[in-house]
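Comments concern the structure below.
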Amino acid sequence: MKSRALSATARIYSCSARFCRPIFTKPQNNVILAPTNNNVVNDLINIFTKNPICTNNSELDSLAPLLSTKIVETVLTGFKNWKTAYMFFDWASNQYGYKHNIYTYNAMASILSSARQNAPLRDLATNVVESRCFMSPGALGFLIRCLGSVGLVEEANLLFDQVKEKGLCVPNGYSYNCLLDAISRSSSIDLADMRLKEMRDYGFDCGKYTLTPLLQVYCTAGEFDKALDVYKQIQDQGWLDAHVFSILLLYFCKWGEVDKAFKLIERMDGHGIRLNEKTFATMINLLVRESRTDKALQFFNEIRKSGFTPNVSLYYVFIEELCKTKEVVKAFHLYSEMKELGIQIDVGITRKLLSSFSEEGDLIQMLRESWEHMDEEVRTLLCNRILDIFVSKGTIDKAYDLLLEMMGREVTSDIKLRSVLSNKEVAVPNTTSFIIVIDGLLKCGKLDVALNLFQDMVRIGYKPNLVLYNNLIFGLCNSNRLEESYELLREMKESRFEPTQFTHNSIFGCLCQRRDVMGAIALLREMRVFGHEPWIKNSTLLVKNLCNNRQVMEACKFLDTMAQEGFPPDIIAYSAAMDGLIRINKLDGALEIFQELSTRGFCPDVVAHNIIINGLCRAKRVAEAQNLLNEMLMKGVVPSVATYNLLIDGWCKNDGIDQAMLWFSRMCESEREPNVISYTTLISGLCTARRPDDALMLLNQMGGRKCAPNRIAYQALVHGLCKCGRTDEALVHFYHMKEKKMKSDTYVYIGFISAFITNSNLAMALEMLKQMVDGGSFPDPADNNYPILRDAIYKLLEDSRTSSCIRKLIEENSSLQITLSDVGREGGFEPIV
DNA sequence: ATAGGGTTAG
């Protein structure tokens, strides 16, 4: 049943009889102009079209006295651009002896309305009333429709009442119909009902053009019962037409009553009324918007089965929607059909379709199926999409191979395009193809491959774009290849690409990495000429690198220069400098910066505070560090775990183990979870304070608090226990570490050796020395522990119980020999070996 | 459109 109705629709659709309501009359009086007036019209049109801005010109002055409303009307309809028309209209308004009438107003209103220029149209309506312009009921209707068609419903109603009130017009039934038509564009049922009543009270008849807008209002507002009532009235009067049906059809589509819409089409068929193209398109759009794409597609297919070609834009609606819902296969079928029908397809749609594919398999399928139907451009777009997918999946080699194949090179990739296409012609790459692959290579760190491909690309004659230059320069700068960056920058400028902020910052970053202060400052000055901002992170990098290279004062000077050059550094850059100062024991310098920042309105954050707390602790000014933490709490700068850890460490290293424990518990109370560092700090501190049992207790706590001890924590404990002479417990944990495959550093072994020698357990001391050497580690001569080790070996050599064993060990191990030759030199003993 | 910095343990 349904399909019969639909094919009937298809049949009538082809006739495409356009529904045209007779109500919209022309704005002008059809009075023919005299030939002399024709010249005036042409002159005016020429002047305003050529130079619309200059209205005080002598030619115009001579034309002004000849103005008449008829001339103005004719001139207005002669402009293509609404702005020109409006300027002329405005000029005419100001000419002495000339006054607009309703026909010139309406001509202007019509232009503004079709250009959808609401603001000037609103002004125009106000002017009509203010200038007390008389008008016929028909002219009023025309103006009301102009307002209504751009949604100025309120203005239309106001105008209607004002002209009536001021006696400028006596509206008739036609005027009311126009007003209702304007109202029908909103869903204001009350307003429509009120005007209908008003109209009836005046004794005007309700005709077809009264009821139709009423039907529209009820449908827009979703009042189906009232709409049905109006529909029946229209039907009873025999006024059913395509417009009435289309209002209902769109209503059904909008509210999801698709079946009712189909039934209505069937009924239309019975009345011999034809569905027009515009309604059909609107229905499809509505159905798609309401996510009833399948129904819409069914409807659409029925139309096409009957052999008619629907408007291209409908294909686009479907393809876009199907791409959105990832129904790529359906979308692609429609696309192919368009191609087969020879419809010219917009590149944007092809791109959209391609970008909705996310699997190269689907694309290769698509490529197999319709390579023949694709033009060169589409083939390239499709291959570019495959390149895109390869790159985003991280299979850059595949992308690279495919591009080489597109360039006509021989490749041995597992997806050879030529074999997929059974040796047909392969797509030709465009600039985008190169950009996709080069960017992909850069992201994978294959800088040289990217550079070679770039050179190939340029050699073959492709033009690189700005982003490509920028990305290559960025890649080179990150690999510290500054000279090549400059070379590319030069090429870039030759190709007339101005360096951007990104370009400059890439190079700035490289200079900062290299600690080239002079170069960095010189570049900053050049950047300022371009209006480019340096990325502050690069400045911070320079400060850090200078500090690590013992050039702390240079770092501070650089920050000053930045500020002088108008690029004031931020709290992070200053923090790096403060930290640098602290590491060379210039706490006062750091404190100075810290104070300056606060007074200059910068707000030091947690990290900045941490750096200063660290500095104070290192300078043994722990009480002041503690004050600073208290200050943070008062200021509302929430201390981090690191803040607490720093203070705890400060107390541990300055005979304040109880204070350290106190702050540890304060940290827990303030809901800052202690971390491995907190525990390790305390374990070490407790051992230094000769409280190894408390240290052991803390280690147990760690395990229970999902804060597993790491290598550093264990070593702190083992070493600490050794220092307390508790070698047995130290050994237990030392073997724990071995079980966990944690390698011990030399200082742990030396801690044992030293403790065992103090206990006169030379056998164990020798054993630990053996283990250390077997593990391949040995302290550097600059290490603090080096002399301890040397003395220990000396003791082991002296004692008859260990002497032969240690000699053997020395013979087997060259690093021990070196240690001993030192003993010989410094201690005045004979070399033993 | 391309990028994102500073602090804590043996």
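Lettering of chains follows the sequences in order, A, B, ..., and the numbering in each one begins at 1.
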Assign [X] to base, sugar-phosphate, or nothing according to its heavy-atom contacts below 4.0 angstrom with the strands shown.
| X | answer |
| --- | --- |
| A:L682 | nothing |
| A:I712 | base |
| A:A642 | base |
| A:N470 | base |
| A:N505 | nothing |
| A:I611 | sugar-phosphate |
| A:N710 | base |
| A:Y747 | base |
| A:A608 | base |

Which of the following nucleotides, [options], is nearest to the side chain of [X]?
| X | options | result |
| --- | --- | --- |
| A:I571 | B:dG5, B:dG6, B:dA9 | B:dG6 |
| A:N614 | B:dT8, B:dA9, B:dG6 | B:dT8 |
| A:S575 | B:dG6, B:dT8, B:dA3 | B:dG6 |
| A:F502 | B:dT8, B:dG5, B:dA3 | B:dA3 |
| A:D579 | B:dG5, B:dT7, B:dA3 | B:dT7 |
| A:K537 | B:dT7, B:dA9, B:dG5 | B:dG5 |

Grab the [atom1]-[atom2] distance between [X] and [N] for me, whole Å please.
| X | N | atom1 | atom2 | value |
| --- | --- | --- | --- | --- |
| A:D605 | B:dG5 | CG | P | 14 Å |
| A:I613 | B:dA9 | CD1 | P | 14 Å |
| A:L616 | B:dT8 | CG | P | 14 Å |
| A:M492 | B:dT2 | CE | C1' | 11 Å |
| A:L646 | B:dA9 | CG | P | 7 Å |
| A:H719 | B:dA9 | NE2 | C1' | 14 Å |
| A:K443 | B:dA3 | NZ | C1' | 12 Å |
| A:Q501 | B:dT2 | CD | P | 14 Å |

Is the side chain of [X] donor-acceptor paired with the backbone N or O of [Y] at a distance under 3.5 Å, no angle test?
| X | Y | result |
| --- | --- | --- |
| A:N710 | A:A713 | yes |
| A:S495 | A:F497 | no |
| A:Y679 | A:C707 | no |
| A:N505 | A:E533 | yes |

Just to confirm, is there a sub-4.0 Å distance from OP1 or OP2 of [N] to any side-chain nitrogen or oxygen of [X]?
| X | N | value |
| --- | --- | --- |
| A:K544 | B:dG6 | yes |
| A:K653 | B:dT8 | no |
| A:R618 | B:dT7 | no |

Please determine whether any donor N or O and acceptor N or O are separated by less than 3.5 Å between the side chain of [X] and the base of [N].
| X | N | answer |
| --- | --- | --- |
| A:N610 | B:dG6 | no |
| A:N675 | B:dA9 | no |
| A:D570 | B:dG5 | yes |
| A:T680 | B:dA9 | yes |

For A:Y749 and A:F778, I'd like to know if the aromatic rings sit close, meaning centre-to-centre distance below 6.0 Å.
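No, the ring of A:Y749 stays outside the 6.0 Å limit from the ring of A:F778, centre to centre.
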For A:Q501 and A:F530, what are the C-alpha separation, side-chain angles and deciding distance, and is it a side-chain contact (heavy atoms from CB on, under 4.5 Å)?
CA-CA 8 Å; A:Q501 182 159 297; A:F530 283 85; over 6 Å; no
A:E565: side chain to side chain donor-acceptor pair (under 3.5 Å) partners, not counting sequence neighbours:
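A:E565 satisfies side chain to side chain donor-acceptor pair (under 3.5 Å) with A:R525, A:R528 only.
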